[in-house]
2 protein chains.
Amino acid sequence: MNARTVPAQVDPSLPKGAGGRQARQGAATLAADLRVALLRCTRRIRAEKSDLELSDTQYSVLSVLDRIGPLTLRELADHERVQPPSMTRAVNGLADRGLATRSDHPVDGRQVLVAVSEAGRAELRETRRRRDAWLARRLAELDPADRAVLAAAKDVLSRIADS
Amino acid sequence: MNARTVPAQVDPSLPKGAGGRQARQGAATLAADLRVALLRCTRRIRAEKSDLELSDTQYSVLSVLDRIGPLTLRELADHERVQPPSMTRAVNGLADRGLATRSDHPVDGRQVLVAVSEAGRAELRETRRRRDAWLARRLAELDPADRAVLAAAKDVLSRIADS
DNA sequence: TATTGTTATACTCTATAACTATA
DNA sequence: TATAGTTATAGAGTATAACAATA
């Protein structure tokens with residue numbers, strides 16, 4: 001079930017507090033406010049570094065490889081919306097640390113298949129809690145209604161990022 | 001109220017829909033998913049450049065100066081959580097374009113007061129719609145309930161970023 | 001001495017352009 | 001010719017260290 005088929009209810013039944021308070025805000029104004037909030041929040045999250053100091057792109061690459069399997073460098077670049085040279089660099093950084101592997105494409109000799117290694121998976125598992133510690137601490141301090149709002153927002157934001 | 005006394009649980013009386021859908025997701029798991037969604041979404045937003053090509057920090061500086069008035073460079077650096085040299089650079093870029101002004105502090109000769117100029121305010125007003133066009137377009141395509149979720153999330157995220 | 005801000009310098013991430021290898 | 005990927009190079013943003021001016 002996704003939010004497209006089962007939308008959250010608006011005004012009358014939203015929980016008190018943050019949800020109902022801004023329900024009437026127009027898309028244009030909301031975009032401005034939301035963008036500022038997203039950028040500020042993201043900067044705070046990014047400030048919490050893991051020991052390995054992987055870039056956002058590198059973490060995202062490990063994550064997508066873990067989720068949907070080996071991809072070519074071009075596919076990774078398209079997925080992350082960076083140029084091929086940037087992805088070459090990001091993947092090389094992962095491969096140098098043993099977190100990802102590069103292998104020849106079975107049929108097309110031009111292509112390179114990138115996969116997450118076992119060490120990469122372990123890194124994803126092991127460091128997510130540490131990487132997310134800052135955010136999780138704040139989430140835990142929220143009241144349940146606000147946390148539910150963010151859980152819902154997460155799905156909506158993912159769809160927006162995919163669009 | 002902290003993470004230990006109030007575990008990441010959700011009130012069963014929450015509404016159905018987007019919020020309720022993920023109501024049981026723990027703070028740790030939610031943190032991971034939310035972080036990925038925030039980072040991906042933010043990267044997409046940032047990819048939409050304005051003509052002036054101000055950095056996130058520069059826009060945020062203009063915005064905060066517009067919102068709460070003149071601040072010293074140190075105060076701006078603390079607020080944006082960057083180091084003083086980075087803020088010097090950001091503010092110089094704004095001042096060079098006439099979007100902000102630098103003036104001597106009335107009592108403390110060491111300090112510099114930074115203020116948004118009229119051109120800076122105009123830039124904020126004029127370019128927000130353009131900067132936010134990408135996001136606003138996606139928001140407009142959402143059903144109202146999902147938009148309400150993001151409006152609520154915006155406030156929660158702002159609080160988190162402030163914490 | 002401590003604090004504010006700047007300069008010097010380096011690092012990371014990204015991009016474009018030019019190149020190699022393969023289809 | 002066209003595509004996949006790499007190398008070379010540059011630009012933006014940030015950081016630390018050293019320094020200047022002021023409190």
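In what follows, chains carry the letters A, B, and so on, assigned in the order in which the sequence lines appear, proteins first and then strands, with residues in each chain numbered from 1.
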### Worked check of side chain to side chain contact (heavy atoms under 4.5 Å, CB included) between A:Y59 and A:E123
CA-CA 10 Å; A:Y59 257 101; A:E123 168 63 19; 2.8 Å; yes
Using atom [atom1] of [X] as one end and atom [atom2] of [N] as the other, report the distance to the nearest whole Å.
X: A:M87; N: C:dT16; atom1: CE; atom2: P; answer: 14 Å
X: B:N92; N: C:dT4; atom1: CG; atom2: P; answer: 18 Å
X: A:Q111; N: D:dA4; atom1: CD; atom2: P; answer: 6 Å
X: B:R110; N: D:dC19; atom1: CZ; atom2: C1'; answer: 16 Å

### Query
Just by modelled atom types, is the A:V114 backbone N or O under 3.5 Å from a matching donor or acceptor in the A:R102 side chain?
no
### Under 3.5 Å: donor-acceptor pair, side chain of B:Q58, backbone of B:S55
yes
Reported [atom1]-to-[atom2] distance for the pair [X] and [Y], which is rounded to 0.5 angstrom:
X: A:I160; Y: A:L34; atom1: CD1; atom2: CG; value: 7.0 Å
X: B:R110; Y: B:R74; atom1: CZ; atom2: CZ; value: 10.5 Å
X: B:L157; Y: A:L157; atom1: CG; atom2: CG; value: 7.5 Å

#### Entry: Nearest heavy-atom neighbours spanning A:L113 and A:P106
CD1-CD, 3.8 Å
## Note on the structure
Between A:P70 and A:A115, the two heavy atoms sitting closest are CG-CB, 4.0 Å
### Task
Output, in order, the C-alpha distance, side-chain angles, deciding distance and verdict of side chain to side chain contact (heavy atoms under 4.5 Å, CB included) for B:L76 and B:L73.
CA-CA 5 Å; B:L76 283 172; B:L73 197 139; 5.6 Å; no
What parts of [range] reach DNA chain C, counting only heavy atoms under 4.0 Å away?
range: residues 98-108 of chain A; value: A:V107, A:D108
range: residues 60-71 of chain B; value: none
range: residues 73-86 of chain B; value: B:L73, B:R74, B:P84, B:P85

### Query
Taking atom types as modelled, is there a side-chain donor on A:S117 or A:R121 under 3.5 Å from an acceptor on the other?
no
Measure all distances between protein nitrogen or oxygen atoms and nitrogen or oxygen atoms of nucleotides 10-13 of chain D, and list the pairs falling under 3.5 Å.
none

### Query
Can you name the residues that form a side chain to side chain contact (heavy atoms under 4.5 Å, CB included) with A:Q111, not counting sequence neighbours?
A:T72, A:H105, A:D108
### Query
Tell me, which pairs form a side chain to side chain donor-acceptor pair (under 3.5 Å) where one or both residues lie in residues 77-91 of chain B, sequence neighbours left out?
A:R43-B:E80, B:S60-B:E80
### Query
Is there side-chain contact between B:L99 and B:L62, with heavy atoms separated by less than 4.5 Å?
yes
### Query
Counting just side-chain N and O atoms, does A:T88 come under 4.0 Å of either OP1 or OP2 of D:dT6?
yes
